[in-house]
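Scroll down for the structure; my scribbles are underneath it.
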Amino acid sequence: DAMVIQNPRYQVTQFGKPVTLSCSQTLNHNVMYWYQQKSSQAPKLLFHYYDKDFNNEADTPDNFQSRRPNTSFCFLDIRSPGLGDAAMYLCATSRDEKLFFGSGTQLSVL
Amino acid sequence: GDSVTQMEGPVTLSEEAFLTINCTYTATGYPSLFWYVQYPGEGLQLLLKATKADDKGSNKGFEATYRKETTSFHLEKGSVQVSDSAVYFCALSDWYVQGAQKLVFGQGTRLTINP
């Protein structure tokens with residue numbers, strides 16, 4: 001059974017049109033992360049939550065926001081997607097130095 | 001900042017061949033090191049890890065040894081199977097605070113095993 005669930009698997013949006021990606025977890029982990037993985041590149045941490053404490057990486061663009069309404073759910077909001085934001089977005093949780101990843105959402109920007 | 005460099009792919013081998021995927025890292029401290037694997041259509045999964053110098057991580061026939069002197073963490077398997085076809089990511093833990101950690105990943109190596 002999937003423990004970190006990302007929906008949808010594929011998301012298409014238009015240039016400049018806000019989009020939200022969703023992640024849920026059944027593991028009850030305190031920490032949740034969002035990573036961005038562009039084609040043939042390493043996954044890159046955007047931000048993480050410890051419970052409701054939000055931690056932004058210094059080089060994460062302001063265009064990216066996140067919400068965590070409860071332990072189980074976390075959302076990635078891209079306010080004005082550009083062509084350069086097309087990527088795979090990976091959600092993860094962690095416990096004891098082990099990360100659990102979802103299958104990712106592949107975002108296309110037209 | 002900390003970084004990870006992996007052997008470029010793709011790598012194609014025949015079943016039962018010996019596998020090595022090279023990984024080297026740059027870090028200011030003594031990070032934990034990891035190999036993650038991503039099977040087609042799935043998320044990344046932890047394959048193995050090592051937390052200090054000379055530690056050997058192992059799982060599913062794969063091994064990697066934390067070599068501080070060469071700043072390396074090469075992945076090896078003695079006899080690969082078709083089911084090992086996947087993308088392999090080397091990573092280090094840049095920081096670990098309050099139960100959260102930042103993983104710095106290499107770019108991934110795609111491995112294909114032919115029967």
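In what follows, chains carry the letters A, B, and so on, assigned in the order in which the sequence lines appear, proteins first and then strands, with residues in each chain numbered from 1.
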Decide if atom CZ of A:F54 counts as having more than 12 heavy atoms of other residues, nucleotides or ligands within a radius under 6.0 Å. yes
Treat each ILVMFWY residue as a node, draw an edge where side-chain heavy atoms are under 4.5 Å apart, and state whether A:Y50 and A:F73 are in one component. no
For A:E57, I'd like to know if atom CD has over 12 heavy atoms of other residues, nucleotides or ligands within 6.0 Å. yes
Within the supplied structure, the quantity of interest is the number of heavy atoms (other residues, nucleotides, ligands) at a distance under 6.0 Å from B:E16 CD; does it exceed 12? no
Which answer fits A:R9, side chain, backbone, both or neither, if we ask what part of it has an atom under 4.5 Å from a heavy atom of chain B? side chain
Return yes when atom CZ of A:R68 has more than 12 non-hydrogen atoms of other residues, nucleotides or ligands closer than 6.0 Å, and no otherwise. yes
Looking at NZ of B:K102 and OG of A:S94, how far apart are the two atoms once the value is rounded to the nearest 0.5 Å? 14.5 Å
Indicate the atoms forming the closest heavy-atom contact of A:P43 with B:G106, along with that distance. CD-O, 4.1 Å
Best-contacting candidate, B:Q6, B:Q45, B:Q107, against chain A by heavy atom pairs under 4.5 angstrom: B:Q107
Heaviest contributor of heavy-atom pairs below 4.5 Å to chain A, chosen from B:L44, B:V4, B:L46, is B:L44
Give a yes or no on this: more than 12 heavy atoms of other residues, nucleotides or ligands lie within 6.0 Å of atom CD of B:E42. yes
Please indicate whether B:K52 has more than 12 foreign heavy atoms, meaning atoms of other residues, nucleotides or ligands, lying under 6.0 Å from its NZ. no
Part of residues 29-39 of chain A lying next to chain B, heavy-atom separation under 4.5 Å: A:V31, A:Y33, A:Y35, A:Q37
Joint hydrophobic cluster, B:F105 plus A:M88, side-chain heavy atoms closer than 4.5 Å: yes
In terms of hydrophobic clustering (I, L, V, M, F, W, Y; side-chain heavy atoms under 4.5 Å; direct or indirect links), are B:F62 and B:M7 co-clustered? yes
What about A:I5 and A:L21, same hydrophobic cluster or not, with Ile/Leu/Val/Met/Phe/Trp/Tyr joined at side-chain heavy-atom distances under 4.5 Å? no
Tell me, for B:Q101 versus chain A, whether the close heavy atoms (under 4.5 Å) come from the side chain, the backbone, both or neither. both
For atom CG of B:N114, decide whether the heavy atoms of other residues, nucleotides or ligands shown that lie under 6.0 angstrom number more than 12. yes
Are there residues of residues 99-110 of chain A that reach to under 4.5 Å of chain B by heavy atoms, and which ones? A:L99, A:F101, A:G102, A:S103
Shared ILVMFWY cluster between B:L13 and B:Y88, side chains joined below 4.5 angstrom? yes
